[in-house]
Amino acid sequence: MATREDIETWIARCALGDRRAFQNLYDNTSAKLFGIALRVLKDRAEAEDALQEIFVKIWHGSKKYTAGKASPMTWLITIARNHSIDRLRARRDDHDGDDKIAAMADASPGAEARVVAMGEARRIEECFDTLEEDRASAVRAAYLDGETYADLAERFNVPLNTMRTWLRRSLIKLRECLEP
Amino acid sequence: MSEEALPEDDRARAAEYVLGLMSKDEAAAFAERVQRDADLATLVARWQEDFATMADETVEAVQPPVRVRRKIEARLFDETKTPRWLIPGITGLLAGVLALVLLFVPVGTGVLPPVDPVYHADLAGEDGTIILAAGYDDTTGELYVIPSLAPQEGTAHELWLIEGDNPPVSLGLLPETDPARLLLSPDVAQSLEGGVLAVSVEPPTGSPTGAPTGPVIASGEIVTL
């Protein structure tokens with residue numbers, strides 16, 4: 001299992017044009033990123049195309065990655081998730097021209113995220129567990145299924161503004177749990 | 001709704017921004033605020049970290065078919081690139097280069113590697129372990145190095161450029177393990193193509209003779225990208 005340092009090193013070496021580092025990075029992270037693309041797109045052929053684009057973005061974007069800021073897996077997962085959601089929404093836009101949802105935010109903001117320590121993943125799970133089950137699943141669906149407020153309101157059968165209020169409260173509760 | 005007036009609501013707004021729940025206009029306005037407000041940028045980065053960690057835990061890894069990797073590599077690497085510049089005959093220039101005092105500038109972590117490297121070299125020891133990775137950026141004229149083996153107490157690692165049968169040219173003493181960059185003179189930069197980089201063990205102040213005196217612990221060909 002590759003460590004955080006391994007992944008950081010491979011990304012840094014991709015920025016130097018090192019193909020072997022890229023192969024190592026691909027071998028160690030492509031299954032997770034493919035899993036994410038599949039989860040978002042729910043279509044194997046499209047997820048394969050997405051994975052190609054994701055790794056092309058990683059190769060070209062590696063120069064922008066700064067070790068010690070976002071954790072390397074966060075950086076990779078954000079690229080994979082955002083690209084997959086952009087595709088999902090482009091597909092929807094073909095059917096529904098008035099979709100006004102924004103394209104995804106950049107994967108590497110300049111700000112420093114705290115280093116994710118061992119056990120952090122568990123803490124995040126525990127904080128999700130403090131939310132009511134359907135609200136936790138709404139937050140997950142927004143991230144992993146690219147659901148919009150309109151989608152969520154329909155799925156939970158509540159008015160749009162109610163959905164908005166629900167989700168915002170849940171997000172604040174989540175943040176308070178994550179950073180008491 | 002007046003959520004803009006409530007400062008604590010930025011926690012939720014930042015999450016909505018990361019999740020992609022804002023309209024295009026809202027997201028553009030929020031992105032502008034993120035540019036100006038470091039605290040808000042930190043909040044956005046934390047949400048990205050937390051959601052990505054959640055996704056890492058929630059989503060099962062699925063092995064992609066081999067064809068995906070082949071397609072990616074074909075797209076990224078198979079194009080036959082024309083060298084950025086042709087190399088004129090440079091025999092004889094290297095002797096003059098020897099007199100230059102070259103210093104590596106440690107760049108610490110967080111400094112960006114070359115924007116568009118044209119050359120790359122991996123320097124491996126006898127057992128195949130990579131001891132140094134190097135990339136050269138011809139827009140800045142800088143060689144960027146990442147050493148991964150610190151010299152033993154009382155010694156230093158010196159980097160050499162070997163071009164054909166010419167004597168090795170010192171590129172300077174390497175930092176211990178921090179990434180560093182070195183501004184190359186155009187003459188040296190021109191002899192990178194087709195050359196070899198090597199690392200030798202030297203006294204702490206570098207080779208006293210201008211040629212490698214200690215064992216060469218790693219070498220690698222310079223690859224044109």
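Predicted, not measured: the structure shown is a model, and the values here were computed from it. Every chain is numbered from 1, with letters handed out A, B, ... down the list of sequences.
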Checklist line | B/L43/A/R175 under side-chain contact (heavy atoms from CB on, under 4.5 Å): CA gap, chis, key distance, verdict | finding: CA-CA 10 Å; B/L43 208 43; A/R175 186 83 265 149; 4.0 Å; yes

Check: Where the side chain of A/K32 meets the backbone of B/E60, is there a donor-acceptor pair that is under 3.5 Å apart?
Finding: no

Notebook entry, point to check: So which heavy atom on B/V62 is nearest to which on A/G35, and how close?
Noted result: CG2-CA, 4.0 Å

Margin query: Under a 4.5 Å cutoff for heavy-atom pairs, which residue among B/P65, B/A15, B/A31 has the most contacts with chain A?
Written below: B/P65

Next item on the list: State, with a plain yes or no, whether a side-chain heavy atom of A/F55 is found less than 4.5 Å away from one of B/P64.
Entry: no

Check: Passes side-chain contact (heavy atoms from CB on, under 4.5 Å), A/R13 versus B/D122? Steps please.
Finding: CA-CA 10 Å; A/R13 295 168 59 111; B/D122 275 326; 2.5 Å; yes

Item checked: Pair B/K71 + A/E53, salt bridge at N-O below 4.0 Å -> no

Next item on the list: Tell me, for A/L171 versus chain B, whether the close heavy atoms (under 4.5 Å) come from the side chain, the backbone, both or neither.
Entry: both

Notebook entry, point to check: Does the side chain of A/T74 come within less than 4.5 Å of B/F51's, by heavy atoms?
Noted result: no

Notebook entry, point to check: In Å, rounded to the nearest 0.5 Å, how long is the span from CD of A/Q52 to CZ of B/R69?
Noted result: 13.5 Å

Next item on the list: Select one option (side chain, backbone, both, neither) describing which atoms of A/E48 are under 4.5 Å from chain B's heavy atoms.
Entry: both

Checklist line | Neighbour count above 12 (heavy atom, 6.0 Å) for A/Q23 CD | finding: yes

Note to self: Can you give me the closest heavy-atom contact between A/A12 and B/I146, atom names plus distance?
What the structure shows: CB-CD1, 4.2 Å

Margin query: If you count heavy-atom pairs within less than 4.5 Å of chain B, which of A/A80, A/A37, A/G17 leads?
Written below: A/G17

Next item on the list: Grab the two heavy atoms, one from A/V139 and one from B/L19, that are nearest each other, plus how far apart they are.
Entry: O-CD2, 4.3 Å

Check: When rounded to the nearest 0.5 angstrom, what is the spacing between CZ in A/F22 and CD in B/E73?
Finding: 6.5 Å

Item checked: Distance-only donor-acceptor check, side chains B/E49 and A/S71, under 3.5 Å -> yes

Check: Looking at B/A55, B/A61, B/A14, which makes the most heavy-atom pairs under 4.5 Å with chain A?
Finding: B/A61

Note to self: Please determine whether a side-chain nitrogen of the Lys or Arg among B/R46 and A/E179 lies less than 4.0 Å from a carboxylate oxygen of the Asp or Glu.
What the structure shows: yes

Note to self: Heavy-atom cut-off 4.5 Å, strictly under: side chain, backbone, both or neither for A/L144 against chain B?
What the structure shows: side chain

Checklist line | Closest non-hydrogen atom pair between A/I172 and B/A12, with its separation | finding: CG1-CB, 3.8 Å

Next item on the list: Would you give the length of the straight line joining atom OG1 of A/T78 to atom CH2 of B/W47, rounded to the nearest 0.5 angstrom?
Entry: 14.0 Å

Check: So what's closer than 4.5 Å to chain A heavy atoms on B/T58: side chain, backbone, both or neither?
Finding: side chain

Next item on the list: Could you check which of A/S170, A/A142, A/G146 has the highest count of heavy-atom pairs closer than 4.5 Å to chain B?
Entry: A/A142

Next item on the list: Count the heavy-atom pairs under 4.5 Å between each of B/Q35, B/M54, B/R67 and chain A, then report the option with the highest count.
Entry: B/M54

Check: When rounded to the nearest 0.5 angstrom, what distance separates CE in A/M73 from OG1 in B/T53?
Finding: 9.5 Å

Check: Can you tell me how far CZ of A/F128 sits from CG of B/D50, rounded to the nearest 0.5 angstrom?
Finding: 8.0 Å

Check: Tell me, side chain or backbone of A/L38 under 4.5 Å from chain B's heavy atoms, or both, or neither?
Finding: side chain

Notebook entry, point to check: Of the backbone (N, CA, C, O) and the side chain (C-beta and beyond), which part of A/R122 lies under 4.5 Å from a heavy atom of chain B, both, or neither?
Noted result: neither

Check: Is any side-chain N of the basic residue among B/R11 and A/E176 closer than 4.0 Å to the acidic one's carboxylate O?
Finding: yes

Checklist line | Atom of A/L16, atom of B/H120 and distance for their closest heavy-atom approach | finding: O-ND1, 3.1 Å

Notebook entry, point to check: Quick one: CD on B/E57 to CD on A/E125, what's the gap to the nearest 0.5 Å?
Noted result: 6.0 Å

Next item on the list: Against chain B, label A/Y143 side chain, backbone, both or neither, depending on which of its atoms sit under 4.5 Å from a heavy atom there.
Entry: both

Next item on the list: State whether the number of non-hydrogen atoms from other residues, nucleotides or ligands found under 6.0 Å of A/D129 atom CG is greater than 12.
Entry: yes

Check: Can you name the nearest heavy-atom pair linking B/L21 to A/E147, along with the distance?
Finding: CD2-O, 3.4 Å

Notebook entry, point to check: Under a 4.5 Å heavy-atom cut-off, does chain B meet the side chain of A/L167, its backbone, both or neither?
Noted result: side chain

Checklist line | Interface moiety of A/R140 toward chain B, non-hydrogen atoms closer than 4.5 Å | finding: both

